[in-house]
Amino acid sequence: MSKITIYQFTDPTCIWCWGNEPMLRAIEYLYGDRVAVEFIMGGLVEDVMTLYDFEGPASLVAERANARIAENWHSAAARHGMPVTREYMNLYTERYTSSFPQNIAYEAAKRLDKDKAKLFLRRIREATFVENRRTSQIDVLTELAMEVGIDAAQFLDQYTYGGAQADFMQDRMKCRRNGITGFPSYLIREGVTNIILGGYQNLATMNTLISRLSDGKVKPRRVAPSIANVLDFIKRYKTVYPVEIEVAFSLDR
């Protein structure tokens with residue numbers, strides 16, 4: 001049996017992708033190296049100025065778009081449980097109108113170190129949704145990359161002159177070829193068998209699909225929700241939110 005891989009079609013600024021972080025962490029924690037998780041960048045917001053039918057000066061359009069997006073964030077967070085800033089959200093401006101920089105930044109990091117790129121993606125999400133930082137700015141992205149151990153000069157070189165932008169365009173083509181129209185979406189692969197799921201998913205669904213694809217051979221390990229195990233989980237991931245503990249240890253909210 002070949003290894004099972006879960007691909008998330010995603011964008012670093014997608015609120016429902018942020019909401020699926022607990023499920024992905026639980027997969028990693030409970031299955032270890034028996035199930036791999038990979039990311040395919042889709043580019044959620046090409047230009048916020050054309051995202052809604054807002055009229056007026058660019059500064060006003062950006063302000064109204066931020067307000068609408070913040071409403072969506074808070075509504076989603078109330079359902080999935082991952083935290084979202086309550087400060088005035090100012091992710092987009094006249095100058096910073098797209099989420100493409102965050103996508104390209106992930107691709108640049110992936111060219112340097114795949115494992116650190118995943119940590120970097122988590123930090124971009126966290127900085128966007130919890131810390132209310134404008135993560136499309138290259139100085140912010142570089143700082144976040146350095147936090148996870150990526151060399152700043154190498155990151156900037158890949159982002160600016162390397163193949164990161166081409167990699168992003170290839171990822172977008174993968175989304176189109178698989179009929180992906182929203183994020184998150186998932187492709188679960190075992191050998192030549194592929195299953196595609198659209199939208200936010202829970203751990204139970206993923207457990208069922210992993211079991212089906214592996215003929216019941218790949219199962220999550222059982223981890224008791226003891227204080228020692230929960231503390232070990234927190235130590236392993238460093239920044240952990242209550243819902244992530246809830247999902248990983250099958251606890252009641």
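Just so it is clear, the structure is predicted and the values come from calculations on it, not from any experiment. Along the sequence shown, residues are numbered consecutively beginning with 1.
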| task | Could you give me the CA-CA distance, side-chain angles and deciding distance for His74 and Arg86, then say whether side-chain contact (heavy atoms from CB on, under 4.5 Å) is met? | result | CA-CA 8 Å; His74 295 144; Arg86 287 289 172 179; 3.5 Å; yes
Minimum-distance pair of heavy atoms, taken over all atoms of [X] and [Y]:
| X | Y | answer |
| --- | --- | --- |
| Cys175 | Phe183 | SG-CE2, 4.2 Å |
| Asp252 | Glu246 | C-CG, 4.5 Å |
| Glu94 | Ser59 | OE2-CB, 3.3 Å |
| Ala105 | Phe120 | O-CE2, 3.4 Å |
| Gly198 | Ser185 | CA-OG, 3.7 Å |
| Leu203 | Val247 | CD2-O, 3.8 Å |

| request: Could you check Lys3, Lys114, Lys118 and say which one makes a salt bridge (charged side-chain N to carboxylate O under 4.0 Å, His left out) with Glu38? | output: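 Exactly one pass, corresponding to Lys118.
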| task | State whether the side chain of Ser75 and the backbone N or O of Glu71 hold a donor-acceptor pair below 3.5 Å, judged by distance alone. | result |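 Pair absent, no side-chain N/O of Ser75 close to backbone of Glu71.
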Is any side-chain heavy atom of [Y] closer than 4.5 Å to one of [X]?
| X | Y | answer |
| --- | --- | --- |
| Asp151 | Leu112 | no |
| Tyr241 | Val130 | yes |
| Asn178 | Asn194 | no |
| Gln165 | Glu107 | no |
| Leu91 | Phe129 | no |
| Met89 | Asn132 | yes |

| task | Give me the one residue out of Thr10, Asp11, Asp167 that meets side-chain hydrogen bond (donor to acceptor under 3.5 Å, both in side chains) with Asn103. | result | Asp11
Gap separating the [atom1] atom of [X] from the [atom2] atom of [Y], nearest 0.5 angstrom:
| X | Y | atom1 | atom2 | value |
| --- | --- | --- | --- | --- |
| Leu156 | Asp139 | CG | CG | 10.0 Å |
| Phe249 | Asn229 | CZ | CG | 5.5 Å |
| Gln8 | Ile188 | CD | CD1 | 11.0 Å |
| Ser226 | Leu231 | OG | CG | 8.5 Å |
| Leu213 | Thr208 | CG | OG1 | 11.0 Å |
| Ile124 | Glu147 | CD1 | CD | 11.0 Å |

Are more than 12 heavy atoms, taken from residues, nucleotides or ligands other than [X], located less than 6.0 Å from that residue's [atom1] atom?
| X | atom1 | answer |
| --- | --- | --- |
| Tyr88 | OH | yes |
| Arg221 | CZ | yes |
| Ile227 | CD1 | no |

Applying salt bridge (charged side-chain N to carboxylate O under 4.0 Å, His left out), can you list everything that pairs with [X], at least two apart in sequence or on another chain?
| X | result |
| --- | --- |
| Glu143 | Arg133 |
| Lys110 | none |
| Lys174 | Asp171 |

| request: Could you check Ile210 against Ile6 for side-chain contact (heavy atoms from CB on, under 4.5 Å), going step by step and ending with a plain yes or no? | output: CA-CA 9 Å; Ile210 291 169; Ile6 297 173; 4.2 Å; yes
Less than 3.5 Å apart, which donor and acceptor atoms pair up between the side chains of residues 40-57 and the rest of the protein, not counting sequence neighbours?
| from | atom 1 | to | atom 2 | distance (Å) |
| --- | --- | --- | --- | --- |
| Asp47 | OD1 | Met49 | N | 3.0 |
| Thr50 | OG1 | Asp47 | O | 3.1 |

| message | Under a 3.5 Å cutoff, is there a donor and acceptor pairing between the side chains of Thr135 and Thr128? | response | yes
| query | Going by atom types alone, do Asn202 and Thr205 pair a side-chain donor with an acceptor below 3.5 Å? | reply | yes
| Val218 vs Glu190, side-chain contact (heavy atoms from CB on, under 4.5 Å): CA-CA, chis, key distance, verdict | CA-CA 11 Å; Val218 177; Glu190 192 280 318; over 6 Å; no
Hydrophobic cluster membership, with links at side-chain heavy-atom distances under 4.5 Å among I/L/V/M/F/W/Y: are [X] and [Y] in one?
| X | Y | value |
| --- | --- | --- |
| Ile180 | Ile195 | yes |
| Val140 | Met146 | no |
| Tyr96 | Phe100 | no |
| Tyr7 | Met173 | no |

Check: residues 14-35 side-chain donor-acceptor pairs under 3.5 Å, at least two apart:
| from | atom 1 | to | atom 2 | distance (Å) |
| --- | --- | --- | --- | --- |
| Trp18 | NE1 | Pro83 | O | 2.9 |
| Asn20 | OD1 | Tyr186 | OH | 2.6 |
| Asn20 | OD1 | Gln201 | N | 3.1 |
| Asn20 | ND2 | Gln201 | O | 2.7 |
| Glu21 | OE1 | Arg122 | NH1 | 2.9 |
| Glu21 | OE2 | Arg125 | NE | 3.4 |
| Arg25 | NH1 | Thr239 | O | 2.8 |
| Arg25 | NH1 | Glu244 | OE1 | 3.3 |
| Arg25 | NH1 | Glu244 | OE2 | 3.4 |
| Arg25 | NH2 | Thr239 | O | 3.4 |
| Glu28 | OE1 | Tyr237 | OH | 2.7 |
| Tyr31 | OH | Asn207 | OD1 | 2.7 |
| Arg34 | NE | Tyr31 | O | 3.0 |
| Arg34 | NH1 | Lys219 | O | 2.8 |
| Arg34 | NH2 | Leu30 | O | 3.2 |
| Arg34 | NH2 | Lys219 | O | 3.1 |

| Are Leu141 and Phe155 close enough, and set up right, to give a side-chain contact (heavy atoms from CB on, under 4.5 Å), and what steps lead you there? | CA-CA 9 Å; Leu141 288 167; Phe155 169 74; 4.2 Å; yes
Which side-chain N or O atoms in residues 60-70 pair as donor and acceptor under 3.5 Å with protein atoms at least two apart or in another chain?
| from | atom 1 | to | atom 2 | distance (Å) |
| --- | --- | --- | --- | --- |
| Asn66 | OD1 | Tyr92 | N | 3.0 |
| Asn66 | ND2 | Ala62 | O | 3.2 |
| Asn66 | ND2 | Asn90 | OD1 | 3.4 |
| Asn66 | ND2 | Tyr92 | O | 2.7 |

